[in-house]
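First the structure, then my questions, so here it is.
Values in this document were obtained by computation on a predicted structure and should not be read as measured data.
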Amino acid sequence: MDELEDTADVATMVDEADQRRAKLDYWRSRGADPFGSRFVRTHSSRQIIDGFADLEGKHVSIAGRVMAFRGHGKASFLDIADLAGRIQVYARHDALGDEQYGMLQQVDIGDIIGVAGEVFRTRRGEISVALSSFTMLSKSLRPLPEKWHGLKDVDIRYRQRYVDLIVNPEVRDTFITRTRIVSAIRSFLDKRGFLEVETPSMHAIAGGATARPFITHHNALDMDLYLRIATELHLKRLIVGGLERVYEIGRIFRNEGISTRHNPEFTSVELYQAYADYHDMMEITENLVAHAAREALGATRITYQGSAIDLTPPWPRITMSEAVRQRTGVDFMAMSHEEARGACRRMGLDVPEHATRGACLSEAYEEKVEASLIQPTFIMDYPIEVSPLAKKRSDNPELTYRFEAVCAGRELANAFSELNDPIDQRERFLAQAVARERGDDEAHMMDEDFVTALEYGLPPTGGMGLGVDRLVMLLTDSASIRDVILFPLMRPRE
RNA sequence: GGGCCGCUAGCUCAGUCGGUAGAGCACCGGACUUUUAAUCCGGGUGUCGCGGGUUCGAAUCCCGCGCGGCUCACCA
């Protein structure tokens, strides 16, 4: 067996990273590039295991990261991980010869190698590859976290997601599921005739939602720009333009707090359908979510954080007013503004001096009802005060044709029959501008061009927005939004 | 931003009343030709998050700071 002649001092090195770095010279001295190049694989680990009946005795080549090494003197076992899974490799001294077998003993856990050999099943029944040759493809210079407990330190997991992905298979599964969910959203909408479009991320006016924006600066134009807080207003301009059915899956930026449910940048899908209304949006929402669940999980009955949730359509529909009345016994819309404020205060809710009954209703819903709605539910007919872009009800101008889909105690989607009356829209913006003047820096900004677009004529339109990250959390049973975002925002170290 | 909790070896974690820092995995050396958390023998590899303070002596007690987690506020 070969000795580590060029790196005789490896044994004296305390630091494992130093030991691994010293091995670079070992591989070079054997004519092997420790950072190799192209390698042709014939199979994935999964293909060999699934196709064992046909592959037994056949020669295959695979590549991947060494995740375990079990040496038995003149025989060794390695576990090789690739995207599809893991497979065991069995190496024998008498099959490889002194030199090759000696080199194999210098492989470290974490190294990426290519392997060729014959498929067989061990005495203990494990499908394996009997090694006939191997190639160092990439020498790993840092030790991996422990094989049994994995990597738990969430700080390292989020900052160094690549390590998390190497050692925690369930993390990789979560992100693969995320990709499937996004694909399912696309296929569902494409099939229904929606056009996927891309609208600007940098806005002169940040509109379409109630949120604080990030500000950036364009040097050549010498102007401040906002990162978008919604895709809504541009998508509706496209409906004005006659595109009729559009959607955008896009990154949204909101300059607000970070929590288990909030990341400063997140992904939404917004869709708009001409000649539709919010009832159509309810049908789309429940079927879109059910489709995503089926594609990603194969089922519409799921468990989220210990709660059984049935996403099978149709979902119950209830007005906000009725939901609040059932839960609290208070019928806000039958009260005067003053009585409504009193009712809120008796519930322990802090409402502003001139809060309307609609604002009180909304407050009572958010504080007293929303968190208790575990099964998917459509909460309909939001007050106009909190819905500046939604069409008002023809039978009650204090309410709008707006709903939110709620599930697991939180908002999943928000939708309405779009306000297409430019005169009304201008008044709503003006009311928001007054709120801004009063210091509400989350109130909507006046967008003159959007009103101009409406003046050209927006057909009656239904629109819906859904938080993709929240949907992924729900379908992957993730407690934190950081578990479904590959690289969540973290404060820099030091 | 407020409150609570955490930070010790590469990783997962112990660490008593303030008395020279310790276990598993990983790693290094040795044995072992079908193991699989391989096994057996030997080896502890450390800026106890950082900076001050108290003390003869601090991982441990006190103060400040940093980063993270949970939570409240805000929001999707």
On a plain distance test, is the side chain of A/Arg92 in donor-acceptor contact with the base of B/U33 below 3.5 Å?
->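 Checked by distance alone, the answer is yes.
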Any strand is fair game: report the nucleotide pairing with B/C61 by Watson-Crick or G-U wobble, both distances under 3.5 Å, or none.
->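 Pairing partner: B/G53.
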Which one, B/A76, B/C27, B/C11, comes nearest to the side chain of A/Leu151?
->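 Among B/A76, B/C27, B/C11, the one nearest the side chain of A/Leu151 is B/C11.
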Whether A/Phe266 stacks on the six-membered ring of B/A76 base, 5.5 Å and 30° limits =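 A stacking contact exists, since A/Phe266 sits close and nearly parallel to the base ring of B/A76.
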Using a heavy-atom cut-off of under 4.0 Å over every strand shown, decide if A/Glu411 touches base, sugar-phosphate, or nothing.
->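 Sugar-phosphate only.
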Using a 4.0 Å heavy-atom cut-off across all strands, classify A/Ser76 as base, sugar-phosphate, or nothing.
->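 Here A/Ser76 touches no strand at all.
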Describe the nucleic acid contact of A/Asn263 in one word from base, sugar-phosphate, nothing, applying a heavy-atom distance below 4.0 Å.
->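 Base contact - A/Asn263 has a heavy atom under 4.0 Å of at least one base atom.
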Within the pair A/Arg470 and B/A76, is there a side-chain N or O less than 4.0 Å away from OP1 or OP2?
->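 It does not, given that no N or O in the side chain of A/Arg470 lies less than 4.0 Å from OP1 or OP2 of B/A76.
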Just checking A/Thr260: base, sugar-phosphate only, or nothing, at a heavy-atom cut-off of under 4.0 Å?
->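 A/Thr260: backbone/sugar contact only, no base atoms under 4.0 Å.
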side-chain N/O A/Arg124 vs B/U35 OP1/OP2, d < 4.0 Å |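 For A/Arg124, the contact criterion (side-chain N or O under 4.0 Å from OP1 or OP2 of B/U35) is met.
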Identified ring-ring contact (aromatic ring centres under 6.0 Å, His included) counterpart of A/Tyr278 within the set A/Phe378, A/Tyr401, A/Tyr382 =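 In the set A/Phe378, A/Tyr401, A/Tyr382, the residue that makes a ring-ring contact (aromatic ring centres under 6.0 Å, His included) with A/Tyr278 is A/Tyr401.
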If you look at every strand shown and take non-hydrogen atoms under 4.0 Å, does A/Gly150 touch a base, only sugar-phosphate, or nothing?
->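 Sugar-phosphate only.
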Judged by atom type as modelled, is there a donor-acceptor pair below 3.5 Å linking the side chain of A/Glu442 to the main-chain atoms of A/Ala211?
->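 Between the backbone of A/Ala211 and the side chain of A/Glu442 there is no qualifying donor-acceptor contact (under 3.5 Å).
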With RNA chain B as reference, determine whether A/Arg491 or A/Glu366 sits nearer its 5' end, using the nearest nucleotide of each.
->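 Closest to the 5' end, via its nearest nucleotide, is A/Arg491.
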Within the structure shown, what part of the strands sits under 4.0 Å from A/Arg254 by heavy-atom distance: base, sugar-phosphate, or nothing?
->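 Result for A/Arg254 = base.
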Toward the 5' end of RNA chain B, by each residue's nearest nucleotide, A/Tyr90 or A/Phe69 =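 Final value for this comparison: A/Tyr90.
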What about A/Arg70, does its side chain sit under 3.5 Å from the base of B/U35 through a donor-acceptor pair?
->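 Indeed, a donor on one side and an acceptor on the other fall under 3.5 Å apart.
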Base, sugar-phosphate, or nothing: which does A/Ile156 touch, judged by heavy atoms less than 4.0 Å apart?
->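 Counting heavy atoms under 4.0 Å across all strands, the contact made by A/Ile156 is with sugar-phosphate only.
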Phosphate contact (B/A38 OP1 or OP2) by A/Lys147 side-chain N/O below 4.0 Å =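 The answer is yes; a side-chain N or O of A/Lys147 sits under 4.0 Å from OP1 or OP2.
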Would you mind telling me which of B/C70, B/G68, B/U12 lies closest to the side-chain atoms of A/Ser480?
->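 Looking only at side-chain atoms, A/Ser480 lies closest to B/C70.
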Taking atom C1' in both B/G15 and B/C7, compute the distance separating them and give it to the nearest angstrom.
->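 Each nucleotide's C1' atom is 15 Å from the other's.
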Reckon A/Ile109 touches a base, only the sugar-phosphate, or nothing at all at heavy-atom distances under 4.0 Å?
->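 It contacts sugar-phosphate atoms only.
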Heavy atoms under 4.0 Å, any strand shown: does A/Asp94 hit a base, just sugar-phosphate, or nothing?
->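 Since a base atom lies under 4.0 Å of A/Asp94, the category is base.
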Within the structure shown, what part of the strands sits under 4.0 Å from A/Arg157 by heavy-atom distance: base, sugar-phosphate, or nothing?
->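 Nothing, no nucleic acid heavy atom in range.
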Donor-acceptor pair present, A/Glu126 side chain and B/U34 base, under 3.5 Å =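 It does not, because no donor-acceptor pair links the side chain of A/Glu126 to the base of B/U34 below 3.5 Å.
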